[in-house]
Amino acid sequence: MYQYDPQQIEPQWQAHWEKTRLYSVTEDATKPNYYALEMFPYPSGDVHMGHVRNYSIGDVVSRYKRMRGYNVLHPIGWDSFGLPAENAAIKQDSTPGSWTYANIDRQRASLKRLGFSYDWDRTVVTSDVEYYGWGQWIFLKLWQMGLVERRSSPVNWCPSCKTVLANEQVLGDGVCWRCKSPVERQELEQWFFKITDYAQELLDDLDTLPGWPERVKQMQANWIGRSVGAEIDFTLCDAAGEPTDETITVFTTRPDTLFGCSFFLLAPEHPLVREFVVDTEHEVAVTRVVEYSAAATAVERSKGEREKIGAFTGRYVLNPINGRKVPIWIADYVMMDYGTGAVMAVPSGDQRDFEFARTYDLPIPPVVVPEDDSLYQQLATQQERVRDDVPWQTAYDGPGSMVQSGTFTGLPGGKGSAGADAVVARLQELGVGRPTVNFRLRDWLISRQRYWGNPIPAIYCAHCGIVPVPEQDLPVILPKDVDVAKGETLASRPEFYEVSCPVCGGSAHRETDTMDTFTCSSWYYLRYTDPHNPALPFARETVDGWMPVDQYIGGIEHAILHLLYSRFFTKALRDAGLLGFDEPFTNLLTQGMVKLNGEVMSKSKGNVIAPEDMIVRYGADALRLYILFMAPPDKDLEWSQEGLEGIFRFVNRVWRAVFDLLGETVFDEEGNQLSVYDESLDAVAASARGKELNRELHRVIGKVSSDIDRFNFNTAISAIMELVNTVSAYLKVPVALRDAELTARAARSLVLLIAPLAPHMAEELWHSVLGCEGSVHLQAWPEHDPSQAVDDTVELAVQVNGKVRARIVVAADAADAAVREAALVAVATVLGEKPVRKVVVVPGKLVSVVV
RNA sequence: GCCCGAGUGGCGGAAUGGCAGACGCGGAGGUCUCAAAAACCUUUGUCCUCUGGACGUGUGGGUUCGACUCCCACCUCGGGCACCA
């Protein structure tokens, strides 16, 4: 026997796999395809434990599926555009490109040292012009389809990153996703992808993804935020209070409460506000509210705990259902960017309106009341409004009966009620309202005022306006030498932006904004299927052959961002005729984080355990096994050095067990004999242990298979540990009494079982120790026979009134009646004189006696 | 406020409604050794009146012969959304 030395065997096999292109994949009609994908890394520095976890999971799945007979596509690449490269370049006085590519080289070396089974010929690097040029091509496609718009809008500006951000890149507490600075709202002209065109489909198709975690689907559904309701047109009155031809439209989810509208609200930023109050007695008060809201940060305003501030504008609208004149106020709590920026206030049914009405002493007519409320007794059949206040401390927004609501009185009210439908139907007849669905999702702002990104292929011409770069002029090449350390951007490079207009030929100006990096990561998985295609981003037939991704693995932090954008891209490219499927990722696994003492490992906290250090001490196989063993993949993992040492012991036990199974006497490094034989075992005892080992082999093969199928890698490894424990017990049998067929089969099965999990050790044992031909990673997964996984006899627990009182051993195939008899005998003393009421026999498990 | 997810030994974690705590870590004891390390063996939920027994999966109920698992109500923690009309 020679010693287990991962530093020796791991690099050796890695080199061999690379030389023989073991993991290269091409189309193969004889096998089913399987596409295993892990979220590609951002090359920000060294590979960290989160990467190790992510890619170890994907690697096990890939290797297992390969052994199961699939043609497996398992690619890797780098998401290499983005701001950190600029920040690093400024700090180190270099360029974003040189920093990025140096990091890619380092990370590539680390990933190779970990032994992942990637097809390196398919590597995609998003900052390579061979990739981002096609990103521009796709941009033009979307533009042709009407999915690209440049328009002015209130947007999020990060003062620290000096760029605008998409809504998805502003975290819940109003801070930048990257640098955590509070974002500012500014009205700016920017580029958008019209993801809202797909809002309904993006929501509906979540139901077609049973292989996604509920949590992620829920988060996307929340983000898309669909509300069903109605638009209602209120007639605007002029300064003298007389009706005009103009209307102001509101969105409401509660049309059933329309009779309870006692005032009307506009957002402070609403364009009509200024016009209403200029040079009137209301100007001062209204302006004060406008300034008050403008001064509030997004964080403050979204907290929802601010005092309800507002002011009367002096103008009125008419309620279309009953012609009542109601005053128009502005209110700080009304948002310009949701619905229409105008709200019908129903203080009896909405808590915010209720508080506002109490503050400014406005009427609170009840219109939907629960039937057990005293108001219901008074108003049950009351059609006219006779009551303008409620005896309540809060608004009531639950289901109830409509009152004071004209001919609708008596109908059920509440969200989505028959009363609501009836009111909308009437409004529709009158031509002053219609059912509507409103989404919270906003269009995706994709322009960034940064250098290190994909240039937006657009040109501004004084005569022709904004024109796309013609397809034949692609790619727009990002200049390599922009000196961000000196504050340069694309806008400081005339040779980049001075161009002639492709339409009129006159002098024009190239767009100097780049695209959000998330545009790059929204289709990289498509390019992997056809990475070297010089004529197209990917050929339809090729991409349809591999896609959708069978198993996608990555962090939960992309639950909305990357995963929503990729779904949008897939649907848009489908509609462009480039793809033949609706969703990019059939199954999604969101892996948990790797923590140390309960905290996320991070450079700034200084609590990073470097994978490289662990590889040097224990090897890549032990590190990978450890990280898969310590927790289920979707849960957070608490780092434990002792745990890793335990796994290292296990790996060594496997190593020695294989030698010992081959009949070698095993010694440790110092020459101490580790094989210990129990000379008291005779042929009969040896045979019994052999039977047990055979059973365990069949059981564990079945268990590991089903565990890997369900991503229970931790229990798969536990099962292999149990097998090794059983093997160890068998190895007490002196060599002369062993069953040669059994030991050979056990050694072979053990190596095959551990191959996806500890690929280097398995390969070394397979070749150099078992002397088998061909890579272990190309072998068929071991078969098992469930009927051989069970013993001839089983021990059953006997319960009396739910408590275990005895155990009996019976033949595995014993008839229920016989088991019942044996059980009753076994608990006879416990039962005493008590009459037996019922006996339940669960074959193979237990017998339950009820007295 | 709305919506998800999770609560099991000293620790990480196991359990298609069927013997709770697999497997590993840690602890205790032992074998080998001059000694130690390594390795191996035994043991390890809590409590008690200890060859046995009681209790035990966040809390309180329920369904069931039988509940960590299913149902109802609640508590705590984590996450998402949120002055969303």
Side-chain angles (χ1 to χ4, degrees), chain A residues 171-172 213-227 229 250-254 257 265 267 301-308 331-335 337-346 349-353 355-356 397 438-440 556 559-560 626 629-632 634-647 649-650 652-653 656 666-670 672-676 703 706 712 714-722 724-725 728 732 795-805 807 837-851:
Chain A
L171 304 183
E214 206 49 49
R215 181 158 77 119
V216 174
K217 289 192 277 188
Q218 198 57 241
M219 283 163 73
Q220 292 211 356
N222 277 345
W223 187 259
I224 296 167
R226 181 178 193 264
S227 334
V250 298
F251 172 74
T252 180
T253 56
R254 294 293 305 280
T257 63
L265 295 170
R301 224 179 144 185
S302 71
K303 275 292 168 231
E305 281 141 20
R306 281 155 63 94
E307 217 181 314
K308 302 280 177 286
D332 181 47
Y333 68 89
V334 177
M335 304 284 117
D337 56 3
Y338 184 79
T340 61
V343 173
M344 66 176 224
V346 182
D350 182 282
Q351 185 58 25
R352 295 156 303 177
D353 299 343
E355 287 169 31
F356 194 83
D397 61 4
N438 208 358
F439 291 94
R440 196 188 150 280
I556 186 75
I560 293 172
Y626 163 74
F629 175 68
M630 278 303 275
D634 56 339
K635 295 241 185 83
D636 285 352
L637 184 156
E638 178 62 39
W639 184 266
S640 150
Q641 198 64 34
E642 293 77 19
L644 177 53
E645 279 163 19
I647 283 288
R649 280 199 288 274
F650 165 67
N652 277 282
R653 289 186 68 202
R656 293 195 302 262
V666 174
F667 298 88
D668 70 9
E669 289 165 317
E670 331 240 291
N672 301 315
Q673 182 174 328
L674 298 177
S675 298
V676 183
K703 170 80 174 153
S706 62
N712 294 339
N714 53 334
T715 51
I717 294 167
S718 299
I720 298 175
M721 288 172 169
E722 288 170 317
V724 172
N725 290 342
S728 297
K732 295 279 173 278
E795 190 185 79
L796 302 184
V798 184
Q799 292 184 343
V800 178
N801 288 347
K803 285 195 192 303
V804 179
R805 295 296 181 184
R807 289 165 198 289
R837 291 221 328 259
K838 189 171 176 185
V839 180
V840 180
V841 177
V842 185
K845 299 283 185 186
L846 53 66
V847 182
S848 182
V849 181
V850 190
V851 296

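- Contact annotation for A:Asn725: backbone-only contact, meaning every heavy-atom pair under 4.0 Å involves sugar-phosphate atoms and none involves a base.
- No contact: A:Arg226 has no heavy atom under 4.0 Å from any strand.
- Within 4.0 Å of A:Leu846, counting heavy atoms only, lies at least one base atom of the nucleic acid.
- Rounded to whole angstrom, the span from the CZ atom of A:Arg653 across to the P atom of B:A39 amounts to 10 Å.
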Each nucleotide N or O in nucleotides 7-16 of chain B that has a protein N or O under 3.5 Å away: list the pair and distance.
{"from": "B:G12", "atom 1": "O2'", "to": "A:Met630", "atom 2": "O", "distance (Å)": "2.6"}
{"from": "B:G13", "atom 1": "O3'", "to": "A:Asn714", "atom 2": "ND2", "distance (Å)": "3.4"}
{"from": "B:A14", "atom 1": "OP1", "to": "A:Asn714", "atom 2": "ND2", "distance (Å)": "2.9"}

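- For the pair A:Tyr333 OH and B:C83 P, the interatomic distance rounds to 13 Å; values are reported in whole Å.
- The CZ-P distance, from A:Arg807 to B:C19, rounds to 10 Å in whole Å.
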>> Please determine whether side chain to side chain donor-acceptor pair (under 3.5 Å) holds for the pair A:Asn222 and A:Arg440, giving the CA-CA distance in whole Å, both sets of side-chain angles, and the decisive distance to 0.1 Å.
In response: CA-CA 9 Å; A:Asn222 277 345; A:Arg440 196 188 150 280; over 6 Å; no

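- Separation of the P atoms belonging to B:A73 and B:G80 is 26 Å when rounded to the nearest angstrom.
- Taking atom C1' in both B:C65 and B:A14, one finds a spacing of 26 Å when rounded to whole Å.
- Syn is the classification of B:G9, since its glycosidic angle stays within 90° of 0.
- Among all heavy-atom pairs drawn from A:Ser227 and A:Thr253, the shortest one is CB-CG2, 3.8 Å.
- Looking at A:Gln641 and A:Glu645, their side chains never bring a donor and an acceptor atom within 3.5 Å of each other.
- The glycosidic torsion of B:C50 lies within 90° of 0, placing the base in the syn range.
- A:Glu795 comes within contact range of at least one nucleobase, with a heavy-atom separation under 4.0 Å.
- For A:Asp353 (side chain) and A:Val346 (main-chain N/O), a donor-acceptor pair under 3.5 Å exists by modelled atom type.
- With hydrogens and angles ignored, no donor-acceptor pair under 3.5 angstrom links the side chain of A:Lys217 to the base of B:C4.
- The partner of B:U76, taking Watson-Crick or G-U wobble pairs whose two distances both stay under 3.5 Å, is B:A6.
- When each of A:Met721 and A:Gly802 is assigned the nucleotide of RNA chain B with its nearest heavy atom, A:Met721 is the one assigned upstream, toward the 5' end.
- Between A:Val216 and A:Ile556 the shortest heavy-atom distance is CG2-CD1, 3.7 Å.
- On the P atoms, B:G21 is 14 Å away from B:G9, given to the nearest whole Å.
- Among the heavy atoms of the strands lying under 4.0 Å from A:Arg656 are primed sugar atoms or P, OP1, OP2 only; no base atom is included.
- Between the P atom of B:G26 and the CD atom of A:Glu642 lies a distance of 6 Å, rounded to the nearest Å.
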Could you list, one pair per line, each protein nitrogen or oxygen that sits under 3.5 Å from a nitrogen or oxygen of nucleotides 76-80 of chain B, together with the distance?
{"from": "B:G80", "atom 1": "N2", "to": "A:Asn222", "atom 2": "ND2", "distance (Å)": "3.3"}
{"from": "B:G80", "atom 1": "N3", "to": "A:Asn222", "atom 2": "ND2", "distance (Å)": "3.4"}

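- Along RNA chain B, the nucleotide nearest A:Asn801 and the nucleotide nearest A:Ala342 are compared for position; the residue whose nucleotide lies closer to the 5' end is A:Asn801.
- Taking both residues in full, the closest heavy atoms of A:Glu638 and A:Met630 are given as O-CE, 3.9 Å, listed atom of the first, atom of the second, then distance.
- As the counterpart of B:G66, no nucleotide is assigned, since no Watson-Crick or G-U wobble pattern has both distances under 3.5 Å.
- Distance noted for atom P between B:U8 and B:C2: 26 Å (whole Å).
- B:A35 and B:G56 are spaced 44 Å apart, taking the C1' atom of each and rounding to whole Å.
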>> Walk me through whether A:Tyr626 and A:Phe650 qualify under side-chain contact (heavy atoms from CB on, under 4.5 Å).
In response: CA-CA 10 Å; A:Tyr626 163 74; A:Phe650 165 67; over 6 Å; no

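- Few gaps surround CZ on A:Arg226; more than 12 heavy atoms of other groups in view lie less than 6.0 Å from it.
- With P as the reference atom, B:U59 and B:U51 are 31 Å apart, rounded to whole Å.
- At least one side-chain heavy atom of A:Arg653 sits under 4.5 Å from a side-chain heavy atom of A:Asn725.
- On the C1' atoms, B:C77 is 11 Å away from B:G58, given to the nearest whole Å.
- Nucleotide B:G12 has B:C23 as its partner under the Watson-Crick or G-U criteria, with both atom distances under 3.5 Å.
- Within the nucleic acid shown, A:Val676 has no heavy atom closer than 4.0 Å to any nucleic acid atom.
- A:Lys732 and A:Val676 make their closest contact through CD-O, 3.5 Å (heavy atoms, listed as atom of the first residue, atom of the second, distance).
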> side-chain contact (heavy atoms from CB on, under 4.5 Å) between A:Asn801 and A:Arg837: does it pass, once the steps are laid out?
Replying inline: CA-CA 10 Å; A:Asn801 288 347; A:Arg837 291 221 328 259; over 6 Å; no

>> Go through it in stages, so that I can follow the logic: the residues are A:Val798 and A:Leu846, the test is side-chain contact (heavy atoms from CB on, under 4.5 Å), and I'd like the CA-CA distance, side-chain angles, deciding distance and then a yes or no.
In response: CA-CA 6 Å; A:Val798 184; A:Leu846 53 66; over 6 Å; no

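- The distance between atom CG of A:Asp337 and atom P of B:A85, rounded to the nearest whole Å, is 13 Å.
- Contact annotation: A:Arg649 side-chain N/O to B:C40 OP1/OP2 distance is not under 4.0 Å.
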> Are A:Tyr333 and A:Phe356 close enough, and set up right, to give a side-chain contact (heavy atoms from CB on, under 4.5 Å), and what steps lead you there?
Replying inline: CA-CA 10 Å; A:Tyr333 68 89; A:Phe356 194 83; 3.6 Å; yes

Polar atoms only, N or O, under 3.5 Å: list the protein pairs with nucleotides 43-49 of chain B and their distances.
none

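- The partner of B:C81 is B:G1, judged by Watson-Crick or G-U wobble contacts that both fall below 3.5 Å.
- Listed pair A:Ser227 / B:A85 meets the phosphate criterion, a side-chain N or O lying under 4.0 Å from OP1 or OP2.
- Backbone-only engagement by A:Gly646 is indicated by non-hydrogen atom pairs under 4.0 Å involving sugar-phosphate atoms exclusively.
- Across all non-hydrogen atoms, the minimal contact from A:Val666 to A:Ser675 is N-OG, 2.7 Å.
- The distance between atom CD of A:Glu645 and atom C1' of B:A37, rounded to the nearest whole Å, is 13 Å.
- For the P atoms, the distance from B:U33 to B:C25 is 26 Å, rounded to whole Å.
- One interatomic measurement links the two molecules: CD of A:Gln799 to C1' of B:A20, which rounds to 12 Å at whole-angstrom precision.
- In this structure, A:Gln799 and A:Val840 have side chains that are not in contact, with every pair of non-hydrogen atoms separated by 4.5 Å or more.
- When rounded to the nearest whole Å, the span between OH of A:Tyr626 and C1' of B:G24 equals 11 Å.
- Listed nucleotides: B:G26, B:G18, B:A82. Nearest to the side chain of A:Arg440: B:A82.
- Partner assigned to B:C40 is B:G30, using Watson-Crick or G-U wobble distances below 3.5 angstrom.
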